[in-house]
Number of protein chains: 2
Amino acid sequence: MESSHRNLTQQVVHELGKSIFQGTYKVGDSLPSEAELCTRFNISRTATREAVKMLTAKGLIGSRPRQGIKVLDSKHWNLFDVDVLDWILIGKPDLYMLRSFQQLRLAIEAEAAFLAAQYAQPEDIKAIEDALVRMKDATNGEDDTHEADIDFHQSILSASQNPFFIQLKNFITTALKVNLRFTNRLKAVTLEEYQAHVDIFDNIKAKDSQAAFDGAMVTQRATLALINEQIQQFESKGDS
Amino acid sequence: MESSHRNLTQQVVHELGKSIFQGTYKVGDSLPSEAELCTRFNISRTATREAVKMLTAKGLIGSRPRQGIKVLDSKHWNLFDVDVLDWILIGKPDLYMLRSFQQLRLAIEAEAAFLAAQYAQPEDIKAIEDALVRMKDATNGEDDTHEADIDFHQSILSASQNPFFIQLKNFITTALKVNLRFTNRLKAVTLEEYQAHVDIFDNIKAKDSQAAFDGAMVTQRATLALINEQIQQFESKGDS
DNA sequence: ACAATAGTATTTATAATACAAATAAAAAAA
DNA sequence: TTTTTTTATTTGTATTATAAATACTATTGT
């Protein structure tokens with residue numbers, strides 16, 4: 001039995017949300033009617049309707065009398081919602097989705113580094129440094145590389161002191177997880193990658209915002225280039 | 001009577017959402033209990049609960065038995081939700097909020113221009129150009145400057161072909177509106193500003209992504225610098 | 001045959017009531 | 001004082017009933 005710590009309504013929200021991103025219900029499709037959802041999940045109309053309302057609030061579906069419940073066009077989806085990002089991940093994103101993540105990551109993380117260099121407080125610097133230490137330890141197998149990596153990027157966003165960048169922690173975290181799916185290296189980050197992180201940190205600590213920006217940008221563009229190569233490879237294979 | 005085209009639940013969502021961003025209920029505060037909300041809005045528990053669930057889905061509030069309904073910490077708020085952005089605007093954002101908007105705008109719009117140069121389809125180019133024409137007309141008072149400006153920025157985001165950038169249209173639109181609040185120029189954009197837009201468009205059309213990026217970045221950094229000046233002025237005035 | 005109209009059926013929207021579950025606060029016991 | 005038990009309050013879920021919206025059907029008139 002999964003996620004029984006959540007209440008009924010939230011479980012249904014999760015199930016339906018997953019279904020949408022797994023393609024069970026596509027854009028424009030009708031979901032089962034309230035009545036049918038009740039019987040299918042064996043719950044009351046109250047719980048069903050509340051679940052529907054929550055998905056409505058996240059921009060995934062819309063409901064009108066007689067017309068039923070329909071999946072809205074994806075332009076309405078709140079892609080930066082924590083739950084939605086979870087469902088994207090569960091829905092097994094493809095290479096194109098990975099690229100979309102990386103394209104926005106690049107934009108956000110470079111400027112976040114810039115702002116961190118300007119506005120980071122001592123405790124922010126410490127948080128970044130801590131994550132960095134754990135990354136180094138991880139290269140020796142002493143810690144989880146991936147978690148430390150996530151913490152590193154998250155603490156830079158925090159250091160920006162900007163609520164919008166901070167809210168994008170969810171997005172960046174999911175982006176890193178998607179990335180991991182494709183690169184699926186069994187072990188630590190390379191020393192080269194680690195050094196790039198250190199360089200960015202040094203520039204943030206030194207309050208050299210432009211250097212921090214440039215450093216992050218170079219790293220991110222490199223990652224994006226790799227993804228584009230993979231896509232090109234994939235597409236030429238498909239053409240033959 | 002306002003917003004009577006929406007159904008009851010959504011009206012309550014709007015009222016409560018507004019209240020939170022207007023400071024009626026602050027982070028950590030309890031909202032009135034379900035029972036009290038029912039009497040206050042003169043609606044059934046059904047409608048009340050559905051409204052609460054929608055705000056919960058947007059990350060604004062949380063509810064637990066006996067503890068009641070509380071405003072969550074702002075780090076949980078879905079700041080990129082259309083409704084939330086509306087409420088931010090209604091809540092009369094200050095200079096610091098304006099800066100936060102601008103900081104993220106800068107990151108997004110520069111890279112969006114970069115991607116637009118790479119991936120824009122003919123119809124995207126046309127949409128950008130159309131907006132540009134309407135902006136020029138607006139300098140002669142023939143059209144609404146602000147709307148044309150919004151369309152210009154939105155169509156660049158569309159041209160990126162990236163769902164995440166496209167979802168950020170709401171954010172950019174709100175950012176532009178917040179900006180307008182502070183600069184509150186009665187009339188058109190200056191010719192200088194207009195020319196900057198044209199330059200970016202030309203580079204996108206010429207598929208020179210780096211130039212498009214640089215052009216957008218310069219413009220955005222200039223805007224940010226202006227805001228920072230205003231903040232500095234404001235802060236020095238407050239110190240005296 | 002076609003168009004406008006009226007009627008019907010289906011689905012969501014709202015209301016009202018009842019009870020269950022969680023939990024904070026108070027009372028009792030150790 | 002500390003722990004346990006009880007109690008009261010609030011949200012969570014279920015059920016039933018009715019209203020409102022609207023797609024579909026039948027009817028009517030031309």
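All chains are named by letter (A, B, ...) in the order of the sequence lines, taking the proteins before the strands, and each is independently numbered beginning at 1. Values in this document were obtained by computation on a predicted structure and should not be read as measured data.
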Checklist entry - For A:Gln22, what residues pass the side-chain hydrogen bond (donor to acceptor under 3.5 Å, both in side chains) criterion, not counting sequence neighbours? => result none
Checklist entry - salt bridge (Lys or Arg N to Asp or Glu O under 4.0 Å) with B:Arg99: which residues, sequence neighbours excluded? => result none
Item to check | Counterpart residues, salt bridge (Lys or Arg N to Asp or Glu O under 4.0 Å), relative to B:Glu36 (two or more places apart) | outcome: B:Arg40
Next on the checklist: For B:Phe152, give me all partners under ring-ring contact (aromatic ring centres under 6.0 Å, His included), at least two apart in sequence or on another chain.
Outcome noted: B:His197
Next on the checklist: Output one letter per nucleotide in nucleotides 9-19 of chain C: B when a protein non-hydrogen atom lies under 4.0 Å from the base, S when only the sugar-phosphate is that close, - when neither is.
Outcome noted: BBBSBBBB-B-
Checklist entry - Nearest 0.5 Å, what's the OG-NZ distance between A:Ser63 and A:Lys53? => result 4.5 Å
Item to check | Side-chain heavy atoms of A:Lys169 within contact of A:Ser158, under 4.5 Å | outcome: yes
Item to check | Residues A:Asp130 and A:Arg134 bridged, charged N to O under 4.0 Å | outcome: no
Checklist entry - Where does DNA chain D pair, written as one dot-bracket string 5' to 3', with Watson-Crick or G-U pairs under 3.5 Å, ( ) inside the strand, [ ] for crossing pairs and | for another strand? => result ||||||||||||||||||||||||||||||
